[in-house]
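What follows is a single structure, written as structure tokens, with notes after it.
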Amino acid sequence: MNKFKLASLAFAVLAFNSYTAQSQSLGDLLKKVKAATETKPAPTQTTTTTTVTTSTTSPLARPSNLEIGSGIKQALEAGISKGADQLSLKDGFLGNMAVKILFPPEAQKVERTLRSIGLGSLADNVVMSLNRAAEDAAKEAKPIFVSAIKKMTITDATNILLGGENSATEYFKKSTTAQLLEKFRPVVNKSLSKVGAAKYWGDATGQYNKLPLVKPVTTDLPAYVTQKAVEGMFIQVAQEELTIRNNLGVRTTPLLQKVFGYADQKK
């Protein structure tokens, strides 16, 4: 009987422990299922919003009339003075194919004939002397141009700023041509004598005029050189005007940047 009770008690203890272990295993399983099926909140994402600012270049304010006048005068005085200085240097005319003075059109047959009969050096001397005379005359140009700039009105300056690419050149042609011709002529006369141009020209035309069946050449050499020297000045002025208008590098002051920047917007 005692053995039977002990056996029953042992069986009960084993059954209880087995039940407890199963209960714990079942509890753990339920916890895992619950954990797996629970809906977890989505992780918080930080959204960065980038604001794009569109930069719009607003039109430049119109310069005042005073600023336009001052800006144009400042630019032209610098550019035109530079151009006149360049032409007045040795080879300023002779070394610049845009302004180099050649034999007069009616005397080009003289040059061809001289070169054909072995007198090319005489023809070269003529060309060199004509250009040396023009280079001497160019020294007189700067004060004439500067004076024309100083006399420029606000209307003149505005028309130049907003006009065509040769507006300044045309202004100078109107306001300085007569003065330049008057000032250049005595300088050219003196220079032609100094460099021997009159002698070279006399020798050249004399040799040519001796040839049979040719029409004598009677060009007024000082008048021709004076006219070509003035024309060369305006070719140089036109080149400087283009540089002033189109080269940002010459806009070295806030005033020039404002004035010509405004003109750029009006193109």
Side-chain angles (χ1 to χ4, degrees), residues 76-112 114-115 119-149 165-166 168-205 208 217 219-244 247 250:
L76 290 179
E77 187 163 349
I80 302 309
S81 295
K82 175 186 172 186
D85 287 343
Q86 288 177 340
L87 290 184
S88 65
L89 296 174
K90 182 179 179 180
D91 292 336
F93 271 84
L94 187 62
N96 184 343
M97 291 307 299
V99 298
K100 182 178 180 180
I101 302 175
L102 305 176
F103 270 70
E106 69 275 12
Q108 288 177 2
K109 55 192 174 183
V110 176
E111 180 181 13
R112 290 193 297 270
L114 291 175
R115 296 190 186 282
L119 295 176
S121 61
L122 178 56
D124 290 339
N125 285 335
V126 170
V127 172
M128 182 182 69
S129 63
L130 301 184
N131 285 276
R132 292 287 182 258
E135 289 158 11
D136 284 343
K139 297 172 185 176
E140 305 295 326
K142 185 191 292 189
I144 294 174
F145 283 127
V146 171
S147 176
I149 291 170
E165 291 194 330
N166 66 338
T169 303
E170 292 303 315
Y171 168 81
F172 284 121
K173 283 182 179 179
K174 290 179 189 176
S175 59
T176 66
T177 294
Q179 289 176 279
L180 289 171
L181 288 171
E182 181 182 359
K183 197 74 172 179
F184 278 21
R185 181 63 185 255
V187 177
V188 167
N189 278 334
K190 183 178 179 179
S191 183
L192 287 174
S193 298
K194 180 181 71 176
V195 299
K199 180 180 183 308
Y200 294 136
W201 182 251
D203 290 345
T205 54
Y208 177 79
V217 173
T219 302
D220 182 344
L221 195 61
Y224 169 71
V225 174
T226 299
Q227 182 64 41
K228 296 302 289 184
V230 171
E231 289 176 8
M233 290 301 309
F234 288 125
I235 290 173
Q236 188 69 20
V237 167
Q239 291 176 347
E240 293 299 328
E241 181 176 5
L242 284 176
T243 299
I244 291 168
N247 187 346
V250 302

Subject >> From CA spacing to verdict: salt bridge (Lys or Arg N to Asp or Glu O under 4.0 Å), K194, D136 >> reply: CA-CA 11 Å; K194 180 181 71 176; D136 284 343; 3.0 Å; yes

**OP:** Carefully, step by step, assess F145 and M233 under the rule side-chain contact (heavy atoms from CB on, under 4.5 Å).
**Re:** CA-CA 10 Å; F145 283 127; M233 290 301 309; 3.5 Å; yes

**OP:** Assess whether side-chain contact (heavy atoms from CB on, under 4.5 Å) is satisfied between Y208 and V217, documenting all intermediate values.
**Re:** CA-CA 8 Å; Y208 177 79; V217 173; 4.0 Å; yes

**OP:** Just do the salt bridge (Lys or Arg N to Asp or Glu O under 4.0 Å) check on R132 and D91 with the steps written out, would you?
**Re:** CA-CA 7 Å; R132 292 287 182 258; D91 292 336; 3.0 Å; yes

Original post:
How far apart are the C-alpha atoms of F234 and F172, what are their side-chain angles, what is the distance that settles it, and do they pass the ring pair (Phe, Tyr, Trp, His ring centres under 6.0 Å) test?
Top reply: CA-CA 8 Å; F234 288 125; F172 284 121; 7.8 Å; no

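The two residues F93 and A138 have their closest heavy-atom pair at CE1-CB, 4.2 Å. Residue A204 comes nearest to V110 through the heavy atom pair O-CG1, 3.8 Å, listed as atom of the first residue, atom of the second, then distance. Of all non-hydrogen atoms in V225 and A134, the two that sit nearest each other are CG1-N, 4.3 Å. Nearest heavy-atom pair across A148 and T176 is CB-CG2, 3.5 Å. A pairwise comparison of heavy atoms in L87 and G232 identifies CD1-O, 3.8 Å as the closest pair. Nearest heavy atom pair, residue Q239 against residue A98, reads NE2-CB, 3.9 Å.
Separation of atoms OG (S121) and CG (L119) is listed at 6.5 Å; rounding is to 0.5 Å. Rounding to the nearest 0.5 Å places CD of E106 at 3.5 Å from OG1 of T219. Here CD1 of I149 is found 12.0 Å from CD1 of I144. Values are rounded to the nearest 0.5 Å. Atom NZ of K199 is separated from atom CG of L192 by 14.5 Å, given to the nearest 0.5 angstrom. Separating the CD1 atom in I244 from the NZ atom in K82 is a distance of 9.5 Å, to the nearest 0.5 Å. Atom CZ of residue R185 and atom CD of residue Q227 lie 10.5 Å apart, to the nearest 0.5 angstrom.
Defined by atom type and a distance below 3.5 Å, a donor-acceptor pair is missing between the side-chain atoms of E135 and S88.
S147 contributes no side-chain N or O that, together with a main-chain N or O of P143, makes up a donor-acceptor pair within less than 3.5 Å. Looking only at distances, a side-chain donor or acceptor of E241 sits under 3.5 Å from a matching main-chain atom of T169. Between the side chain of N125 and the main chain of Y200, no donor-acceptor pair closer than 3.5 Å is present.
V127 has its side chain within reach of K100: a pair of non-hydrogen atoms, C-beta onward, lies under 4.5 Å apart. Proximity of N96 to Q236: side-chain heavy atoms (C-beta onward) are separated by under 4.5 Å at one or more points. For the pair W201 and F103, the minimum side-chain heavy-atom distance is below 4.5 Å. In this structure, the side chains of V250 and T243 come closer than 4.5 Å at one or more pairs of heavy atoms. P222 places a side-chain heavy atom less than 4.5 Å from the side chain of D220. Side chains of E140 and E182 form no contact here, defined as non-hydrogen atoms less than 4.5 Å apart. A heavy-atom distance below 4.5 Å is not found between the side chains of L130 and L94. Contact of the L76 side chain with the Y171 side chain is not registered, since no non-hydrogen atoms from C-beta on lie closer than 4.5 Å.
Taking 4.0 Å as the cut-off between side-chain N and carboxylate O, E111 and R115 count as a salt-bridged pair.
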